[in-house]
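Let me begin by presenting the structure, written as structure tokens, before commenting on it.
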Amino acid sequence: MKFGILVNEGPYQHQASDSAYQFAVAALAKGHEIYRVFFYNDGVNNANKLTEPPQDDRNITRQWSALAAAHNLDMVVCVAAGLRRGIKAEILAPGFNISGLGQLIQAGIEADRLVVFGD
Amino acid sequence: MSDTQAGEGGNSKVRRFMFVNRKAPYGTIYALEALEVVLIGAAFDQDVSLVFVDDGVYQLKKGQQTKDIGQKNFSPTYRALGDYDIEKLYVERESLQARGLAPDDLLVPVRVLGSAELGVLMEEQDVVLSF
Amino acid sequence: MTVLHTTNKSPLQTRDLQSCLRLTRPGCGILLLEDAVYGALKSTEASEMLAEAAKDRRIYVLGPDLAARGFTPEELIAGVTVVDYGGFVDLVAEHHHVQAWV
């Protein structure tokens with residue numbers, strides 16, 4: 001089955017991104033396909049490569065990047081929400097791409113299920 | 001814009017998209033950014049409906065004056081949704097009543113449904129986007 | 001196929017779960033994750049509301065979130081099912097669509 005995932009909160013402040021990540025890992029482990037992970041609202045902050053948590057904490061941005069590299073995930077950061085929050089190409093972590101909201105609607109059309117993680 | 005190609009390319013897959021708005025405007029950005037998704041979504045020729053429940057009904061309150069809080073008043077955009085062929089706006093009766101509001105207090109014509117009817121409508125969707 | 005609803009906030013703190021219950025119908029599934037897992041505990045002010053809902057809806061609790069918060073499945077009201085992330089994935093696949101009560 002093809003899943004679309006929408007992440008609407010940034011890292012650390014809310015659990016949403018962690019939950020979405022664990023969901024994605026579990027879905028891939030079960031042989032499902034992730035059609036796209038779309039980052040919106042404060043969720044765009046997940047793509048910030050300057051993210052640097054304490055060493056004993058998880059690096060959420062790096063987790064997403066690694067998952068994308070391992071499974072060729074399409075991770076899209078909304079351009080409008082990103083610009084609003086200073087998330088631009090120059091600070092984008094590996095695996096994230098900036099594109100328009102149409103990519104979210106497209107995921108709603110093409111994926112079998114769209115799962116929203118927010119707060 | 002390239003985003004709209006799927007909608008214009010004779011895409012036969014029409015899905016029922018419901019945008020569920022449950023948060024008040026201005027205190028958080030959810031209402032405004034949900035509206036931005038709705039406007040883009042309109043270009044994709046899907047079956048779109050908007051639902052306002054809980055504090056989401058406050059998004060439609062008449063008379064919003066935002067000058068003194070330094071934010072843009074985006075409420076007129078709800079009145080323009082018809083121009084984008086988005087005509088299915090639903091408000092939950094219980095949410096209105098709980099807030100002492102009547103349909104006359106809203107800045108755009110909506111269909112008011114009880115929770116039971118709205119629950120059925122929610123079940124009939126293909127994609128539900130909640131903000 | 002019915003709908004899977006997800007809610008992530010404690011019903012002792014916010015009214016999201018109440019709204020979810022008001023607007024959902026018998027037969028649907030409701031998954032409590034993150035802080036919503038507190039809503040399925042016995043002996044809280046929310047227990048009765050959940051127990052009532054569990055009569056005609058399938059209530060699921062995300063086990064990893066429960067364990068993270070220091071509770072065990074034995075402390076949940078009767079009739080709820082604990083799932084892991086894989087179970088969450090299965091639930092999404094088994095239902096027609098998912099609605100998040102964020």
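Bear in mind the structure is a predicted one, so any value in this text is a computation, not a measurement. Sequence lines set the chain letters: A, B, ... in the order given, protein chains first and strands last, and positions in each chain run from 1.
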SB check A:D18 A:R58 (cutoff 4.0 Å): yes
Please report the closest heavy-atom contact between A:I87 and A:I98, naming both atoms and the distance. O-CD1, 4.0 Å
If contact means a heavy atom pair closer than 4.5 Å, which residues of residues 19-47 of chain A contact chain C? A:S19, A:Q22, A:F23, A:A26, A:A27, A:K30, A:H32
Working for side chain to side chain contact (heavy atoms under 4.5 Å, CB included), residues C:V3 and C:V98: CA-CA 6 Å; C:V3 183; C:V98 194; over 6 Å; no
So does C:L41 get a backbone contact from the side chain of C:S47, meaning a donor-acceptor N/O pair under 3.5 Å? yes
Just by distance, with hydrogens left out, do C:R58 and C:T81 show a side-chain donor and acceptor under 3.5 Å apart? no
Under 3.5 Å: donor-acceptor pair, side chain of A:T51, backbone of A:T61: no
Heavy-atom distance under 4.5 Å to chain A: side chain of C:D16, backbone, both or neither? neither
Most heavy-atom pairs under 4.5 angstrom with chain A, which of C:D84, C:T14, C:V89, C:T7? C:V89
Would the distance check show the side chain of C:R15 and the main-chain N or O of C:P11 forming a donor-acceptor pair, the cut-off being under 3.5 Å? no
Applying a criterion of heavy atom separation less than 4.5 Å, what residues of residues 112-119 of chain A form contacts with chain C? A:R113, A:L114, A:V115, A:V116, A:F117, A:G118, A:D119
Closest non-hydrogen atom pair, A:M75 against A:P94: CE-O, 4.3 Å
Given A:V7 and A:W64, is the side chain to side chain contact (heavy atoms under 4.5 Å, CB included) satisfied, shown in steps? CA-CA 12 Å; A:V7 181; A:W64 280 115; 4.3 Å; yes
Spell out, as yes or no, whether a donor-acceptor pair under 3.5 Å connects the side chain of C:K42 to the backbone of C:E74. yes
